[in-house]
Amino acid sequence: MSTTTAVAPLTTQDADALVAAASRAAEAAGVTVSVTVLDAGGHLLAFRRDDRAVLISGETSTRKAYTALQLNAPTADLVDAVQPGGLFHTLPTALDRPLLFIAGGVPVHRDGRLIGAIGVGGGAPEQDHAFATAAVETLA
């Protein structure tokens, strides 16, 4: 018989900390962004849209987080997979909620287990990825 050790879930306090860290990183770079944090079940835990950010950045950040969560990988690592002939070429249209394969979505792990994801939208994809990654590193 095997035993499994419980892993603490992503809390609203964790989610708020992730949003704050990503927002600070974006502000320091002079970029206005939206930030979404989802728990392991894909439920919204925290969201922030800078009033100066374009409205679509909120949907973008949410879809990036959802994509990172569903595939348990940073969206920056998945861009080539949706190109013709790629591993996930037909996947973005096969699900109820469309995936978004643009850098800026990063899964959140605790003790090696997936507990949620963060998505950042509004800057250049590489910037969004850096802001999300910096935020996740603050939870370690």
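Quick caveat: nothing in here was measured; it's all calculated off a predicted structure.
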Q: Could you grab the distance from atom CD of Q70 to atom CG of L114, nearest 0.5 Å is fine?
A: 9.0 Å
**Q.** T11 backbone acceptor or donor facing D14 side chain under 3.5 Å
**A.** yes
Q: List the atom of A22, the atom of I118, and the distance in Å for their closest heavy-atom pair.
A: CB-CD1, 4.1 Å
Q) Backbone N or O of A103 within a donor-acceptor pair of the K64 side chain at under 3.5 Å? A) yes
**Q.** Shortest non-hydrogen separation from A68 to V106 and the atoms involved
**A.** CB-N, 3.5 Å
Q: Return the minimal non-hydrogen interatomic distance between D128 and G122, and the atom names on each side.
A: OD2-N, 3.4 Å
Q | Heavy-atom pair with the smallest gap, counting every atom of P9 and R110 | A | O-NH1, 2.8 Å
Q: Check F47 against V19 and note the closest heavy-atom contact, atom names and distance.
A: N-CG2, 4.5 Å
Q.
Using 0.5 Å steps for rounding, measure from the CG atom of L18 to the CG atom of L38.
A. 11.0 Å
**Q.** Euclidean distance, I115 CD1 relative to L69 CG, rounded to 0.5 Å
**A.** 11.0 Å
Q. Any side-chain heavy-atom pair from V35 and F131 closer than 4.5 angstrom?
A. no
Q) Roughly how far, to the nearest 0.5 Å, is the CD atom of E126 from the CD1 atom of I102? A) 10.5 Å
Q. Between V120 and Q127, is a side-chain contact (heavy atoms from CB on, under 4.5 Å) present by the stated rule, with each step listed?
A. CA-CA 9 Å; V120 179; Q127 291 174 308; over 6 Å; no
**Q.** Heavy-atom pair with the smallest gap, counting every atom of G104 and T75
**A.** N-OG1, 3.1 Å
Q.
Filter on side chain to side chain donor-acceptor pair (under 3.5 Å), then keep only pairs touching residues 28-43, sequence neighbours left out; what's left?
A. S34-S57, T36-S61, T36-T62, D39-H43
Q: Could you grab the distance from atom CD of E59 to atom OH of Y66, nearest 0.5 Å is fine?
A: 12.0 Å
Q: Verify side-chain contact (heavy atoms from CB on, under 4.5 Å) between L10 and L139, making sure each step is shown before the conclusion.
A: CA-CA 10 Å; L10 189 64; L139 283 186; 4.1 Å; yes
